[in-house]
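Take a look at the structure below.
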Amino acid sequence: MRKLLLATTAIAFACTASAPAFAEFNDRNIRVSNGINADHPVGNGIEAMQKCLDEKSGGKLKLTAFWGGALGGDLQATQALRSGVQEAVVTSSSPLVGIEPALGVFDLPFLFANAEEAYKVLDGKFGKMMDEKLAAVGLVNLAYWENGFRNLSNSVRPVTKWEDFSGLKVRVMQNNIFLDTFQNLGANATPMAFGEVFSALETKTIDAQENPYVTIDTSKFFEVQKYITETNHAYTPFLFLFSKAIFDTYTPEEQAALRECAVVGRDVERQVIADLNKKSLEKIKAAGLEVNVLSPEEQTRIREKSMVVYQKHMDEIGADVVDAVLAELTEIRK
């Protein structure tokens, strides 16, 4: 009898030891707000993140995505996180500069030469510095996802150096750094609602616009443009933000799973963005547009030309932030 009891105890212990430790997880429905639609690569990222969470939590941590601003715009949703009434949002950095001015650093022109540079900075020391600033305003950044690089198209001339911007009427977002960037290059920067851009290009009210390749493709801007240049003049990340007030109530295991799985989702989302950009660029080329790429030497020239914009906005962003990102990029480029 004693042998049977010992054997039963040993089997029970072995089963307990080998089973996933799901006891540290609670059933949670995590609402994730998005301004974009479900067919955006963020949707692929959310799917990958959920699969990862299912494996780690035994299905207890569930993401419920609300697309197309169903829970409000990015700024409104982010404020809901800070108030502790909503769990998460995937948002571009630009709308949040009123909450954390340091995020304006990502609007600075020609900051990153390519995606690899951006990833090293965002996923490294500088990204952690920004995470600390976000935590101070009630936001936990789980990972930097991708919105992507913006590039220039126009109907006037090839753009291969900064002097070629001179006189171009370029539609830009209503963003002071963007306005200053293009005016500094000699262009006529014109703020305009996105929905008006195609007709304005078609009627030659404006000459040019700037957006990621995928947007230039899906919005069919290539139909009314002749030239496109891979300027990579602005790289905007998406941030997967979580309410700090809610996050702090989660168990350490739940917090770790969310952080780890947000990185899994990040890697998938970035790859889908890269693949779509390649497909969109091929479609643009097939439509007959002349495609140019700024040379490394011209990237250096145009970045130096743009330093006046960095200086102008340094105080509002924070000199420590601008200095830190430039220092890290200097190390990367050695």
Side-chain angles (χ1 to χ4, degrees), residues 11-72 74 77-78 80-92 115 119 122-124 127-128 131 134-135 138-148 214 237-276:
I11 292 169
F13 178 78
C15 289
T16 303
S18 63
F22 296 139
E24 295 86 353
F25 293 89
N26 300 287
D27 289 314
R28 300 193 187 276
N29 178 38
I30 298 165
R31 293 162 296 172
V32 185
S33 176
N34 299 269
I36 37 78
N37 295 323
D39 58 357
H40 187 279
V42 166
N44 302 88
I46 292 286
E47 185 179 341
M49 183 175 175
Q50 182 62 70
K51 183 178 179 182
C52 173
L53 287 172
D54 287 343
E55 293 171 356
K56 289 184 179 294
S57 72
K60 291 186 175 183
L61 299 183
K62 290 291 185 185
L63 303 176
T64 302
F66 292 84
W67 305 98
L71 297 182
D74 288 344
T78 303
L81 266 61
R82 298 179 72 202
S83 300
V85 296
Q86 183 181 315
E87 289 82 9
V89 63
V90 179
T91 174
S92 174
Y119 298 162
L122 293 170
D123 303 339
K128 289 183 174 62
D131 291 348
L134 288 163
L139 300 166
V140 175
N141 183 37
L142 297 181
Y144 292 93
W145 290 22
E146 182 160 282
N147 193 356
V214 173
F238 276 134
L239 289 79
F240 199 116
L241 297 177
F242 213 96
S243 166
K244 189 173 188 300
I246 297 174
F247 194 76
D248 287 348
T249 68
Y250 286 10
T251 67
E253 292 77 14
E254 290 169 336
Q255 292 179 355
L258 284 165
R259 290 187 186 278
E260 291 166 18
C261 293
V263 169
V264 170
R266 175 201 73 191
D267 292 344
V268 168
E269 192 260 357
R270 284 177 178 175
Q271 186 58 55
V272 175
I273 285 266
D275 293 343
L276 283 178

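Bear in mind that the values here come from a model prediction, so they are computed numbers and not experimental data. Only this structure's heavy atoms are used, side chains among them; waters, hydrogens and symmetry mates stay out.
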Sequence neighbours left out, what passes side-chain hydrogen bond (donor to acceptor under 3.5 Å, both in side chains) with [X]? Give chain and number order.
X: Glu87; value: Arg31
X: Glu260; value: Lys56
X: Tyr250; value: none
X: Asn147; value: none

Work out which heavy atom in [X] is nearest to a heavy atom in [Y]; give both atom names and the distance.
X: Ala48; Y: Val268; answer: CB-CG2, 3.7 Å
X: Gly43; Y: Trp67; answer: CA-CH2, 3.5 Å
X: Asn37; Y: Gly68; answer: OD1-CA, 3.9 Å
X: Asp74; Y: Gly35; answer: OD1-N, 3.6 Å
X: Ala257; Y: Leu61; answer: CB-CD1, 4.3 Å

Can you list the residues that meet the side-chain contact (heavy atoms from CB on, under 4.5 Å) rule with [X], with sequence neighbours excluded?
X: Leu63; answer: Ile30, Val32, Ile46, Met49, Gln50, Leu53
X: Lys60; answer: Phe25, Asp27, Ser57
X: Ser243; answer: Leu81, Ala245, Ile246

Qualifying salt bridge (charged side-chain N to carboxylate O under 4.0 Å, His left out) pairs, either residue in residues 263-273, two or more places apart: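 Only Asp123-Arg266, Asp123-Arg270 qualify under salt bridge (charged side-chain N to carboxylate O under 4.0 Å, His left out).
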Sequence neighbours excluded - salt bridge (charged side-chain N to carboxylate O under 4.0 Å, His left out) pairs with any residue from residues 240-251: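 Sorted result for residues 240-251: Lys244-Asp248.
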Which value, rounded to the nearest 0.5 Å, describes the distance between [X] atom [atom1] and [Y] atom [atom2]?
X: Leu258; Y: Arg28; atom1: CG; atom2: CZ; value: 9.0 Å
X: Gln271; Y: Glu146; atom1: CD; atom2: CD; value: 10.0 Å
X: Asn26; Y: Glu253; atom1: CG; atom2: CD; value: 10.0 Å
X: Trp145; Y: Thr91; atom1: CH2; atom2: OG1; value: 13.0 Å
X: Asn29; Y: Thr64; atom1: CG; atom2: OG1; value: 3.5 Å
X: Leu139; Y: Leu241; atom1: CG; atom2: CG; value: 5.5 Å

Taking only residues two or more places apart in sequence, or in another chain, which ones meet Phe247 in a ring pair (Phe, Tyr, Trp, His ring centres under 6.0 Å)?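 Here the qualifying residues are Phe242.
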Any side-chain heavy atom of Arg259 within less than 4.5 Å of one from Val140?
->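 The answer is yes; the side chains approach within 4.5 Å.
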Compare all side-chain heavy atoms of Phe66 with those of Asn34 and state whether any distance is below 4.5 angstrom.
->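 They are not in contact (no side-chain heavy atoms under 4.5 Å apart), so the answer is no.
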Open item on the list: Can you pull out every side chain to side chain donor-acceptor pair (under 3.5 Å) where at least one residue sits in residues 38-49? Sequence neighbours excluded, please.
Closed with: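 Passing the test, one end in residues 38-49: no pairs.
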So ring pair (Phe, Tyr, Trp, His ring centres under 6.0 Å) across residues 251-270, not counting sequence neighbours, yields none
